[in-house]
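This is a predicted model, so every value here is computed, not measured. What you see below is based on every heavy atom in this structure, not just the backbone, and it leaves out hydrogens, waters and symmetry mates.
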Amino acid sequence: MSRIKTLIMALAMLSCSAAQATDRRELVEIIAGCVGRISAELEFAWLLSDPVAQNYETQHAQLVDILEAIGYGGDKRRQLSLRIEAKVAHSNLLTSAYFHKDGTHSAWAKRHASMQRASCQNMLLDG
């Protein structure tokens, strides 16, 4: 995604923040969480030698660009913490989805991970 598209997306998200987030800080938290989730998806794609890894690399870079365009909401450490927490949580979900012995639990984890991933991807212009 070009820098112009990223900036346009960030501005659009800021203008819609009243509908999706109560303030800029909450919007930063949402995007930071998505950066972490897509990072976990990327690592699992690498682990499984899935060719979709390139798509995740692009999406991760786009979300980072959007996050940087919006700003850090005043606390860069908090933003990084949110990214790490979301990545760990999503990685645990993916671990359950792919490796849990209970088929019911595995199916639930796959659906939940897919919904979270889709909500993040839907924020991108070429989602």
Side-chain angles (χ1 to χ4, degrees):
M1 180 184 294
S2 72
R3 290 278 183 195
I4 299 294
K5 281 176 129 181
T6 300
L7 184 56
I8 291 170
M9 184 64 186
L11 291 173
M13 292 179 83
L14 283 172
S15 68
C16 295
S17 65
Q20 295 183 351
T22 58
D23 59 14
R24 180 177 171 178
R25 186 180 189 110
E26 188 174 337
L27 184 60
V28 168
E29 290 176 2
I30 291 167
I31 302 298
C34 283
V35 171
R37 286 183 196 95
I38 297 299
S39 181
E41 290 282 351
L42 174 59
E43 287 184 2
F44 261 80
W46 286 335
L47 174 71
L48 302 173
S49 298
D50 191 337
V52 77
Q54 277 192 312
N55 293 343
Y56 291 138
E57 287 176 14
T58 301
Q59 292 168 0
H60 182 268
Q62 291 170 343
L63 287 165
V64 168
D65 284 347
I66 291 169
L67 191 58
E68 288 176 359
I70 293 170
Y72 294 105
D75 189 353
K76 192 170 183 177
R77 285 184 185 176
R78 173 83 173 125
Q79 180 257 63
L80 183 58
S81 175
L82 290 167
R83 287 172 60 172
I84 292 168
E85 289 170 13
K87 179 180 177 180
V88 169
H90 200 75
S91 181
N92 289 337
L93 193 59
L94 291 171
T95 298
S96 291
Y98 286 97
F99 303 114
H100 201 280
K101 292 179 182 180
D102 178 0
T104 303
H105 183 80
S106 177
W108 175 87
K110 282 181 185 177
R111 281 191 311 274
H112 198 64
S114 177
M115 289 185 315
Q116 287 185 353
R117 180 183 61 247
S119 72
C120 292
Q121 291 169 328
N122 287 338
M123 286 190 260
L124 301 172
L125 290 176
D126 52 357

Residue list, salt bridge (Lys or Arg N to Asp or Glu O under 4.0 Å) with Arg83, at least two apart or on another chain: none
Donor-acceptor contact below 3.5 Å, side chain Ser96 vs main chain Ser106: no
Beyond-backbone contact of Cys34 with Arg37, side-chain heavy atoms, under 4.5 angstrom: yes
Student check: side-chain heavy atoms of Ile66 and Leu124 closer than 4.5 Å: yes
Co-members of the apolar cluster containing Val88 [side chain, <4.5 Å]: Leu80, Ile84
Minimal non-hydrogen separation, Ala32 against Leu82, with atom names: CB-CB, 4.0 Å
For the student: nearest non-hydrogen atoms of Ile31 and Leu63, plus distance: CG2-O, 3.8 Å
Rounded distance (nearest 0.5 Å) linking atom CZ of Arg117 with atom NZ of Lys110: 11.0 Å
Euclidean distance, Leu93 CG relative to His112 NE2, rounded to 0.5 Å: 5.5 Å
Separation of Glu41 CD from Ser91 OG (nearest 0.5 Å): 9.5 Å
Minimum side-chain heavy-atom gap His100-Trp108 below 4.5 Å: no
Can I get a per-line list of side-chain donor-acceptor pairs under 3.5 Å for residues 42-54, giving both atom names and the distance, sequence neighbours left out?
residue	atom	partner	partner atom	Å
Glu43	OE2	Lys87	NZ	2.5
Trp46	NE1	Glu57	OE2	3.3
Asp50	OD1	Val52	N	3.0

Value rounded to 0.5 Å, distance of CZ in Arg78 from OG in Ser81: 6.0 Å
